[in-house]
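Numbering starts at 1 and runs along the sequence shown. Treat the numbers as computed from the prediction; the structure is a model and nothing was measured. In each ligand, atom 1 is the first atom listed, and ligand 1 is the first ligand listed.
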Amino acid sequence: MRILIANDDGYLAPGLAALAQAMQGLGTLDIIAPEQNASGTSNALTLNRPLSVYTAGNGYRYVNGTPSDCVHVALTGLLPRPDLVVSGINQGANMGDDTLYSGTVAAAMEGYLFGVPAIAFSQVEKGWAELQAAAAVARAVVERIVALRLLGRPFLLNVNIPNRADAAQLPWRTTRLGRRHASEPVIQQTSPRGEALYWIGPAGDAREAGPGTDFHATANGAVSITPLQIDLTDHERLGEWSGLFGVPAPQPR
Ligand code: MN
């Protein structure tokens, strides 16, 4: 088995090293990550300049680009095709609307887009507390998937792990994405030269966090596992829109 390991926090992030250590012994590992922290870059690809790939002393590759760049370059010529892409372990939750902005999820999604099974791992709280326990969970999830012989067919899983010393003993829950409130207001400052500056505000609190959601699972002491898909089509309202525009509805899937 060959496993491609990536992240969005950068190649020096403790979460990447913990994930790489957790995958030891499961197969051949390739590690490739952004040179700089690229959290919140979603699925961005760098198209306006070439990318450089460097190798650190520990064998990790790093790229002056985005998480999607890393996996894209790896899958399209730099490295042999993997059987699995794992991303993380991210510093902070990727639940609900976070998944749209997340570079951690995007790195995994890039694998999925190329037909490779992929898993994104995140710790719910920032600060890397109980990282080794989260890494043990990541190992257990991958081992279970291997044991179930699920690696032949592409899938995309989003795993969020509470920062607890006993994370490896916590139950797993399959979940759907919750929703967050709109982000906090932008924060305005003035530069030393008098220019107005704007900091994007923090993510909003959970709004839809009832039973069945990723927010609910992690808040209640469980590891959250959300299967993701990419199709953003509003299938529910497709017929309604067709009627409103007086056009035939497209063939269903
Ligand atoms: Mn991140």
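Using a 4.5 Å cut-off on side-chain heavy atoms (C-beta onward), Asn160 and Phe121 make no contact. Here the side chains of Thr218 and Val223 are not in contact, with every heavy-atom distance at 4.5 Å or above.
To the nearest 0.5 Å, atoms OH (Tyr11) and CG (Leu16) are separated by 11.0 Å.
Within 6.0 Å of CZ on Arg144 lie no more than 12 heavy atoms contributed by other residues, nucleotides or ligands. Around the CZ atom of Arg153, the shell of radius 6.0 Å holds no more than 12 heavy atoms that belong to other residues, nucleotides or ligands. In the displayed structure, Gln36 atom CD is contacted under 6.0 Å by at most 12 heavy atoms of other residues, nucleotides or ligands.
For the Mn ion (ligand 1), protein N, O or S atoms under 2.8 Å: 4 in total.
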